[in-house]
4 protein chains.
Amino acid sequence: MPKVSQSYLDARRAQILDAAVVCFSREGFHQTTMKDIVKQSKLSPGAIYNYFESKEQIIEAIAKERHAKERLLLTEARKNSNIASVLERIRDAFFGELRDPNERLRKRVSIQMWAEAQRNPRILKIVRRGVDGPRKLLSAIISDAQRKGEISIEVNPNAAARFMIAAFQGFVLQMEWDRKINEQPYLRLLDTFLKSLSPSV
Amino acid sequence: MPKVSQSYLDARRAQILDAAVVCFSREGFHQTTMKDIVKQSKLSPGAIYNYFESKEQIIEAIAKERHAKERLLLTEARKNSNIASVLERIRDAFFGELRDPNERLRKRVSIQMWAEAQRNPRILKIVRRGVDGPRKLLSAIISDAQRKGEISIEVNPNAAARFMIAAFQGFVLQMEWDRKINEQPYLRLLDTFLKSLSPSV
Amino acid sequence: MPKVSQSYLDARRAQILDAAVVCFSREGFHQTTMKDIVKQSKLSPGAIYNYFESKEQIIEAIAKERHAKERLLLTEARKNSNIASVLERIRDAFFGELRDPNERLRKRVSIQMWAEAQRNPRILKIVRRGVDGPRKLLSAIISDAQRKGEISIEVNPNAAARFMIAAFQGFVLQMEWDRKINEQPYLRLLDTFLKSLSPSV
Amino acid sequence: MPKVSQSYLDARRAQILDAAVVCFSREGFHQTTMKDIVKQSKLSPGAIYNYFESKEQIIEAIAKERHAKERLLLTEARKNSNIASVLERIRDAFFGELRDPNERLRKRVSIQMWAEAQRNPRILKIVRRGVDGPRKLLSAIISDAQRKGEISIEVNPNAAARFMIAAFQGFVLQMEWDRKINEQPYLRLLDTFLKSLSPSV
DNA sequence: AATGAATGAGATTTCATTCAT
DNA sequence: CATGAATGAAATCTCATTCAT
């Protein structure tokens with residue numbers, strides 16, 4: 001099957017990554033065997049190794065994909081001029097995604113990444129970039145807002161950014177352990193927190 | 001079969017668990033081999049299998065140990081009559097621990113557990129209990145406070161508890177990826193958040 | 001199926017064999033992958049399999065090529081009427097070749113063949129023929145010389161032929177392991193040996 | 001099976017190496033699979049990897065063993081005071097071994113080593129040492145003999161040493177390809193050669 | 001109770017070869 | 001005739017666990 005188009009190659013690559021996400025979300029990186037991915041992707045071992053040099057590289061590729069996706073979400077959100085609506089958009093983008101079952105799979109894989117980052121420097125780098133992007137953006141938004149007097153100058157923008165991210169990360173974790181968790185009250189609290197950053201009268 | 005004292009047995013067991021924590025925090029559960037634990041513990045494979053039936057059981061034992069430790073922290077904190085100081089104590093207990101290098105190792109292992117819980121029901125159970133305890137306690141405290149008028153009745157106690165836990169979990173993660181992270185501004189924001197729960201005048 | 005000229009086909013074939021020699025001399029038969037040959041030949045796997053049915057057949061083809069080449073050398077040498085000059089020509093032909101870097105590559109492949117002959121009957125056959133030809137020729141020359149009284153009748157012609165071949169084979173081996181080896185004194189010794197075959201006065 | 005004696009370990013190691021020699025002599029290094037060695041040695045894969053880190057290391061260990069054995073032969077031979085008998089002893093030691101079927105196996109493996117040395121620097125080093133030892137010794141013996149006037153000063157000792165070694169190496173090769181080869185006439189020629197080194201009257 | 005050599009299923013990866021285009 | 005993606009058997013090596021001593 002020679003001389004195939006780039007889109008053919010891209011489709012095959014995506015096929016492998018999608019299969020890997022399903023497997024990883026189910027069994028974790030290390031309990032997932034290449035055989036599992038082979039089966040899930042309906043390809044052969046050799047075919048997979050034509051696209052990725054190793055299992056590790058598949059994991060990396062998934063992490064990078066995540067990274068790219070989140071960057072896109074942020075870039076989109078940032079287009080809003082109004083500060084409140086930027087934050088709102090970010091919030092909706094991230095929390096909204098959690099309702100998509102497919103995205104849930106990917107979040108499960110993200111948790112795997114957090115663990116994997118501890119021993120795999122390449123994953124660490126990707127995960128770190130994945131958090132640093134949002135953090136810097138949020139931090140910049142808050143700084144802007146402070147200049148406009150919309151947020152108290154007492155607030156440390158960086159810490160606030162971290163706090164918001166933590167609120168999301170923690171929610172992702174807790175949702176994994178308890179599917180019945182209700183998102184609405186949690187989001188209201190997040191709003192309460194965001195309002196608490198406003199300058200006190 | 002030499003007969004030895006219980007304290008001897010306990011010491012051996014602790015020796016294994018400590019060694020395992022060091023290994024797991026370094027390489028993760030799955031990249032840690034029994035050989036690694038053997039080496040780190042300065043025992044032999046056979047000896048370890050006298051105390052634990054499998055590698056999985058070692059992981060479980062560590063998770064349970066964590067669980068017990070955190071329950072102790074909470075029980076201690078709860079002794080305070082004043083609500084603000086209970087929350088303060090809890091906050092200090094959890095965040096304060098992070099300064100201890102030994103405890104940092106264990107937090108690294110906790111992150112591993114979060115990932116492991118996805119595919120190991122026994123770990124999931126332990127991890128879940130580890131979160132449910134604090135959550136219920138915090139929730140109860142908030143409910144109490146609401147009754148006393150110290151916290152707005154608008155607040156969903158359970159969601160607030162989750163939010164506080166998330167603030168901690170997220171901090172643990174972000175600290176892993178960026179050791180230079182500063183705890184002080186983060187804690188101030190946590191306080192800001194807690195205050196924002198008070199009834200508005 | 002485009003129709004191409006025979007010379008085109010021959011050129012393609014030679015291209016593959018040359019590439020294979022380079023690869024084999026570098027990494028040996030078994031460490032050389034078809035991919036290596038593909039790369040070196042600047043062709044594609046499919047193209048190569050149009051000319052050879054398998055990797056084994058490429059090895060065989062190289063062995064046969066060697067064989068043909070050496071037969072040519074011997075045929076040429078034999079044209080000399082004088083016995084001493086036949087031997088001299090043979091000696092020069094074989095040892096002289098070793099100065100050509102390209103030929104050195106092929107000698108490296110020959111050593112591989114010696115090993116390969118142990119388990120591959122087809123290679124064994126080719127290698128054996130490659131030695132038997134020279135051996136029989138040398139043996140015949142010596143017998144002739146004995147009849148003419150130029151070589152002692154004590155000498156076993158076949159053993160003498162083997163001995164000369166061994167002198168060459170051993171030199172090829174030792175040259176591989178020590179490039180600084182000096183050919184001149186070695187050749188003088190070979191002459192000494194040849195002279196020692198003359199009838200004692 | 002813990003706490004076993006050193007001799008137990010040595011026996012196991014030898015068991016593996018012996019099995020490997022059988023396999024390698026039959027199929028060559030690269031066609032021999034670890035499974036073959038496992039079967040032949042009647043051990044398990046894991047057991048073998050307790051003694052050797054890789055297949056390559058098994059090959060190396062065999063090469064080193066050869067090397068040690070040959071050094072022993074030379075050391076023994078050297079004990080003779082008389083030059084002629086030293087050479088005779090060396091000749092007998094090396095050629096005599098070839099009659100032992102077990103030793104024939106090992107010679108087959110030696111031929112493999114010659115090929116392997118081309119791409120494996122560690123094997124090259126061992127093979128080279130295995131040739132350099134005898135070469136230097138033979139060279140020294142010839143130099144001695146020249147001082148005593150027993151060998152012509154025209155002879156280059158080093159080249160003569162190489163020549164003798166070549167006579168052996170070539171014989172080993174040719175014997176592999178033709179089992180019916182007769183050793184006696186060959187050895188007589190070797191003697192003729194050695195005598196031809198004496199100073200001419 | 002401790003030791004550590006042995007086990008052997010199974011994991012990752014390779015690579016000669018094929019065949020649709 | 002050429003291409004090169006796909007195949008899948010098979011190779012090397014790992015590692016949790018066992019058990020004779």
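Side chains are part of it too, since the values below use all heavy atoms of this structure and drop only hydrogens, waters and symmetry mates.
We find that C/Glu27 and C/Arg108 are not joined by a salt bridge, their nearest charged nitrogen and carboxylate oxygen being 4.0 Å or further apart.
Whole-Å rounding puts the D/Leu9 CG to E/dA6 C1' distance at 12 Å. A/Tyr8 has its OH atom 11 Å from the C1' atom of E/dT21, to the nearest Å. Atom CD1 in A/Ile48 sits roughly 16 Å away from atom C1' in E/dC15 (whole-Å rounding). Atoms CD1 (D/Ile59) and C1' (F/dT12) sit 12 Å apart, rounded to a whole Å. Between the P atom of F/dC15 and the NZ atom of B/Lys55 lies a distance of 8 Å, rounded to the nearest Å. Whole-Å rounding puts the C/Gln57 CD to E/dA16 P distance at 15 Å. Rounded to an integer number of Å, the gap from CG of D/Asp10 to P of E/dA5 is 13 Å. Remark: P of F/dA5 and CD of A/Gln6 are 10 Å apart, rounded to the nearest angstrom.
Of the residues in residues 25-40 of chain A, those placing a heavy atom less than 4.0 Å from an atom of DNA chain E are A/Thr32, A/Thr33, A/Met34, in numerical order. Within a heavy-atom distance below 4.0 Å of DNA chain E, no residue of residues 115-123 of chain D is found.
Other residues, nucleotides and ligands place more than 12 heavy atoms under 6.0 Å from the CD atom of C/Gln57.
Taking the nucleotide of DNA chain F with the nearest heavy atom to each of C/Leu43 and A/Tyr51, the more 5' of the two is matched to C/Leu43. Looking at which nucleotide of DNA chain E each of D/Arg12 and B/Ala47 is closest to, the 5′-most match is held by B/Ala47. Position along DNA chain E of the nearest nucleotide to A/Glu56 versus B/Ser44 favours B/Ser44 as the more 5'-ward residue.
At least one side-chain heavy atom of C/Arg106 sits under 4.5 Å from a side-chain heavy atom of C/Glu65. At least one side-chain heavy atom of D/Phe24 sits under 4.5 Å from a side-chain heavy atom of D/Ile59. Looking at heavy atoms from C-beta onward, A/Tyr51 lies in side-chain contact with A/Leu9 at the 4.5 angstrom threshold.
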- [ ] Would you check, one step at a time, whether the test side-chain contact (heavy atoms from CB on, under 4.5 Å) holds for D/Ile126 with D/Arg129?
- [x] CA-CA 5 Å; D/Ile126 299 170; D/Arg129 272 205 304 253; 4.3 Å; yes
Open item on the list: What verdict does the side-chain contact (heavy atoms from CB on, under 4.5 Å) test give for A/Met34 and A/Tyr49, after you've listed the backbone C-alpha separation in whole Å, the side-chain angles of each residue and the deciding distance to 0.1 Å?
Closed with: CA-CA 10 Å; A/Met34 286 308 280; A/Tyr49 279 90; 3.6 Å; yes
TODO: Output, in order, the C-alpha distance, side-chain angles, deciding distance and verdict of side-chain contact (heavy atoms from CB on, under 4.5 Å) for D/Lys125 and D/Arg122.
DONE: CA-CA 5 Å; D/Lys125 218 167 158 182; D/Arg122 299 173 66 88; 5.7 Å; no
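Exactly one of A/Asp18, A/Val109, A/Thr32, A/Thr33 qualifies for a side-chain contact (heavy atoms from CB on, under 4.5 Å) with A/Cys23. That residue is A/Thr32.
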- [ ] Could you summarise the pairing of DNA chain E as dot-bracket text, marking Watson-Crick and G-U pairs under 3.5 Å with ( ) or [ ] inside the strand and | across strands?
- [x] .||||||||||||||||||||
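Residue C/Asn50 places at least one side-chain N or O closer than 4.0 Å to OP1 or OP2 of F/dA2. Residue A/Tyr49 places at least one side-chain N or O under 4.0 Å from the OP1 or OP2 atom of E/dT13.
In this structure, the side chain of C/Glu116 does not engage the main chain of C/Phe29 through any donor-acceptor pair within 3.5 Å.
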